[in-house]
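Counting convention: from 1, in listed order, for ligands and their atoms alike.
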Amino acid sequence: MQYGTLQKQLLKWFDRHRRVMPWRALKGRTPDPYHVWLSEIMLQQTTVVTVGPYFMKFVKKWPTVEKLAKAKLDDVLAAWAGLGYYARARNLHKCAQAVMKDFGGKFPDNEDGLIKLPGIGPYTAAAVASIAFNHPAVAVDGNVERVVSRFFAIEEPLPQSKRALRARAAELAEDNPCPSDFTQGFMELGATVCTPKKPKCAACPWQKSCAAHRLGIAEELPRKTAAAQKPVRYGRVFWIEKSPKKFLIEKRAGKGLYEGLYQLPTTDWTDKAVAPGKNYDARLRFRRLDADVRHSFTHFDLVLEIWTARAGASFRPGKGKFISADELENYALPSLMHKVVKLCLGGYASTLSAAKSA
Ligand code: SF4
C-alpha cells in the first residue's frame with residue numbers, strides 16, 4: 001500500500017469534516033443506494049446547493065426506487081424541471097424501471113452491474129459502487145481531478161490529462177481500508193479545501209506531500225486547453241396570451257433536446273437570424289418585444305426573439321393548451337422557457353402597444 005499514510009490522513013480528515021447532506025448517510029450508518037444513485041445523477045453538471053431541494057422533493061414524492069419506477073414520466077420531468085440536461089431525468093426513470101424489472105428492486109453492488117443500467121456511466125457506476133456498497137472503485141469527478149493534478153503537479157492540460165489523472169487517482173485510492181469514505185473524502189477535499197480559486201492548503205491533510213503546494217503553483221492547476229468558441233443559434237419564441245391571464249404552451253415534438261418537455265411555441269433554431277414574417281399562426285397579429293432571451297447550452301449559445309400576440313376567445317391553437325401561471329408547476333418547462341415566462345409575466349406582455357410592430 002504505497003499511499004497508506006495519505007489514505008489514513010484523508011479518512012481521518014473526512015471523519016472530522018464531512019458535511020451533512022440529505023443523501024449522505026450519517027457517520028456509522030449504512031448508505032441507502034437509492035439516495036446515493038439519485039444524488040449522483042442529480043449532481044452531474046450541478047452544484048450541491050442546487051440539488052438539495054430537488055433531492056428532497058424527489059424522495060418525498062417517490063421514497064423508494066419502486067415508487068419512482070411506477071411514476072409517470074411527465075411527473076418525473078415536471079419535478080426535474082430547472083435542473084437541466086433532461087435526458088438524465090428520462091434515464092433516471094428508465095433506470096428505476098430496470099432496477100425493478102431486472103434486479104428485483106435492488107441496485108447491483110458493483111461497477112460491472114451498475115454500468116449496464118440506463119444513464120449510468122463509468123463515473124456514476126464507480127461512485128455508487130464505492131459510496132453505497134463500499135466496493136473498491138475510484139470515482140473521478142472534477143473535484144478529484146483538481147486535487148490529483150495539484151498533488152502530483154501534473155502540467156498536462158485538461159481534457160488531454162484525464163487518463164493520467166484517473167490513473168494517479170487510482171494509485172492514491174488503491175487498497176484503501178474504506179472505499180465509501182475515501183471516495184466521499186476525496187471529492188469533499190476538492191469541494192471544500194482544494195477549491196478552484198484560493199485553495200486552503202493550510203487546512204489540507206495532504207499539504208506536506210503536495211507537489212503543487214511545494215512549488216507554489218497550486219492555483220495555476222489544473223491547466224486547461226482553451227475551449228473553442230461556441231456557435232450561436234437564433235430563433236423566435238411566441239408568447240400567446242388569452243384572457244383571463246392564460247398563455248399557450250405545447251409539448252415539444254420529436255427527439256433530442258427538450259424531448260417530452262413543455263415549451264412556449266418556437267421556430268426552429270438556426271445559425272441565421274430568423275426571416276421576418278415566419279410567425280406562429282397567421283391568424284394572430286404578432287409584435288416583437290425589445291428584449292431577447294439568451295441562453296447557453298453545452299454546445300451552442302441561443303438568442304431568442306420574443307414575439308407576442310393576444311388571442312381572442314374563439315382562437316383554437318393547432319396544438320398545445322392555454323394555462324395560467326399557477327398551473328406551471330404541473331408541467332416540465334426547461335429553465336430557458338421559465339426565463340421567457342418570467343419576462344413576459346413580469347410586465348413585458350402588457351407593453352404590447354409600445355413594442356415593435358411586425
Ligand atoms: Fe490542494 Fe493545497 Fe491540498 Fe495540495 S495542499 S491538495 S493544492 S489544498
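Distance check for Cys194 against atom 1 (Fe) of ligand 1: an N/O/S atom falls below 2.8 Å. Contact annotation: Cys201 places an N, O or S atom under 2.8 Å from atom 2 (Fe) of ligand 1.
Residues Ser180 and Gln184 bring a donor and an acceptor atom of their side chains to less than 3.5 Å of each other. Side-chain contact annotation: Lys321 with Tyr262, donor-acceptor N/O pair under 3.5 Å absent. Between the side chains of Thr46 and Tyr54, no donor-acceptor pair of N or O atoms lies under 3.5 Å.
A salt bridge does not link Arg223 with Glu156: none of the charged nitrogens is closer than 4.0 Å to a carboxylate oxygen.
Using a 4.0 Å cut-off to heavy atoms of Arg150, the atoms of ligand 1 that qualify are 7 (S). Residue contact check: Gln207 has heavy atoms under 4.0 Å from atoms 5 (S) of ligand 1.
Just one of Trp23, Tyr34, Trp80 meets the ring-ring contact (aromatic ring centres under 6.0 Å, His included) condition when paired with Phe55; it is Trp23.
Counting only non-hydrogen atoms, the option in Pro205, Cys210, Ser149 that gets closest to atom 4 (Fe) of ligand 1 is Cys210.
Tyr123 meets the side chain to side chain contact (heavy atoms under 4.5 Å, CB included) test with Glu40, Ala127, Ala139, Asp141, Met187; sequence neighbours excluded.
Of the protein's non-hydrogen atoms, the one nearest atom 3 (Fe) of ligand 1 is Cys204 SG, 2.3 Å. When only non-hydrogen protein atoms are considered, atom 7 (S) of ligand 1 lies nearest to Ala218 CB, 3.6 Å.
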